[in-house]
Amino acid sequence: MPTIEQARAWYEGADPIHDFDHVMRVYRMAEKLANIEGGDIEIIHAAALLHDAEGSAPGQAARASHHHRSAEFAEEVLSAEGWKREKIEAVKHCIRAHRFRSDGDKPETIEAQILFDADKMDVLGAIGVARVVAYAALSGNPFYAPPSEKFLSTGELEVAEAHSAYHEYMFKLRHIQERMFTKTSKAFAQERAKYIEAYFQQLMAEFRGER
């Protein structure tokens, strides 16, 4: 079984959004969900530790394919440890299926659903606010800019339109709780979603000079 100390080395040089702290929050949340919802805890632990192991360096263009690259890296790590093929494939499925903007697997197993939910929980609540603002800053985008009508209706930016933290909230974060799989995750996400919604309402009011 990969250890937490072993995993720490995999995230050296990762961006602040997908760093080792993020991995440990996902690990702890996934463990909490598994204790309630069930699933193979060994698969869940391994998948949580490995899910962002590849493609998380700052400015890395490969971020879009990180779920596939991390799954292949997981196979290398777990094969070296002598894991059975069936369990390795289960971990790889969890990792390939954890991405919100997924071009691959959908979470079919309880383990994959738990990893997906735990990872998405980290973009809501107080942590979610910190991460989305930090991501905008790292990308050279503002924390707030009024979205265009085109973006609001299609999710596509106008020419020269910045993808602000508020854009990410409108496109992704406000829909996260609808995508959760387990009953426990949905309850947790509902509370965290209220917090992040209130933050952006306050942000817009301050931006307009209303408060």
Side-chain angles (χ1 to χ4, degrees), residues 13-19 21-23 25-26 29 51-52 54-70 95-107 113 115-181 185-211:
D15 70 60
I17 315 304
H18 306 97
D19 60 5
D21 287 341
H22 162 69
V23 169
R25 290 192 300 269
V26 173
M29 177 55 69
H51 78 280
D52 277 346
E54 291 287 328
S56 294
Q60 199 161 6
R63 182 68 198 162
S65 63
H66 83 281
H67 49 316
H68 295 298
R69 295 176 61 207
S70 295
I95 295 172
R96 286 196 304 264
H98 87 272
R99 191 166 182 256
F100 181 85
R101 297 172 173 88
S102 183
D103 59 355
D105 298 4
K106 303 298 182 185
Q113 291 171 356
L115 179 66
F116 181 95
D117 287 358
D119 186 59
K120 300 305 156 285
M121 203 79 69
D122 211 47
V123 302
L124 297 175
I127 290 292
V129 168
R131 290 184 76 208
V132 72
V133 171
Y135 187 79
L138 284 172
S139 304
N141 288 313
F143 54 85
Y144 178 76
S148 65
E149 289 300 322
K150 179 181 179 180
F151 182 83
L152 291 174
S153 60
T154 69
E156 297 178 3
L157 297 170
E158 291 279 10
V159 176
E161 181 178 1
H163 188 95
S164 71
Y166 183 66
H167 282 68
E168 186 69 358
Y169 168 73
M170 294 296 290
F171 175 77
K172 174 183 176 180
L173 307 188
R174 66 178 177 149
H175 300 298
I176 287 291
Q177 60 180 324
E178 302 163 12
R179 295 278 298 273
M180 293 290 179
F181 287 93
S185 301
K186 290 175 181 176
F188 289 165
Q190 187 174 28
E191 289 304 309
R192 292 195 184 195
K194 290 177 183 176
Y195 183 99
I196 201 166
E197 179 182 10
Y199 168 81
F200 278 107
Q201 291 296 326
Q202 179 70 22
L203 178 67
M204 287 188 294
E206 291 181 13
F207 185 86
R208 300 184 190 116
E210 296 170 356
R211 298 182 190 169

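Everything quoted here is computed from the prediction, not taken from an experiment. We're numbering straight along the sequence, starting at 1.
Within 6.0 Å of the CZ atom in F143, the count of heavy atoms belonging to other residues, nucleotides or ligands does not exceed 12. Other residues, nucleotides and ligands place more than 12 heavy atoms under 6.0 Å from the CD atom of E178.
Remark: the backbone N or O of S148 is not paired with any side-chain donor or acceptor of E158 at under 3.5 angstrom. Of the possible polar contacts, none joining the D117 side chain to the M180 backbone as a donor-acceptor pair under 3.5 Å is found. Not one N or O on the side chain of K172 forms a donor-acceptor pair closer than 3.5 Å with the backbone of H167. Without hydrogens or angle criteria, S139 side chain to N141 main chain gives no donor-acceptor distance under 3.5 Å.
In terms of heavy atoms, A136 sits closest to P142 at CB-O, 3.6 Å. Across every non-hydrogen atom of A162 and L157, the tightest pair is O-CD2, 4.1 Å. Looking at every heavy atom in both residues, A145 comes nearest to S164 through N-OG, 3.4 Å. When all heavy atoms are compared, the tightest approach of I196 to G128 is CD1-C, 4.0 Å. In plain terms, the two heavy atoms of I95 and S70 that are nearest each other are CG2-CB, 3.8 Å. When all heavy atoms of P147 and F151 are compared, the closest pair comes out as CB-CD2, 3.9 Å.
Proximity of L124 to F188: side-chain heavy atoms (C-beta onward) are nowhere separated by under 4.5 Å.
Ring pair Y169/F200 is parallel by interplanar angle, where below 30° counts as parallel and above 60° as perpendicular.
Under the 4.0 Å criterion applied to side-chain N and carboxylate O atoms, K194 and E197 are not assigned as salt-bridge partners.
With rounding to the nearest 0.5 angstrom, the NE2 atom of H18 is 6.5 Å from the OH atom of Y135. Expressed to the nearest 0.5 Å, how far OH of Y166 lies from CG of L173 amounts to 11.5 Å. The distance from atom CG of D19 to atom CZ of R131, rounded to the nearest 0.5 Å, is 8.0 Å. Rounding to the nearest 0.5 angstrom, the gap separating the CG atom in D122 from the CZ atom in R25 is 4.0 Å. A distance of 7.5 Å separates NZ of K120 from CG of L115, quoted to the nearest 0.5 Å. Note that NZ of K186 is 10.5 Å distant from CD of Q177, once rounded to the nearest 0.5 Å.
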- Task: Could you walk me through whether H22 and D119 pass side-chain contact (heavy atoms from CB on, under 4.5 Å), step by step?
- Result: CA-CA 9 Å; H22 162 69; D119 186 59; 3.1 Å; yes
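In terms of the salt bridge (charged side-chain N to carboxylate O under 4.0 Å, His left out) criterion, E206 has no residue partners (sequence neighbours excluded).
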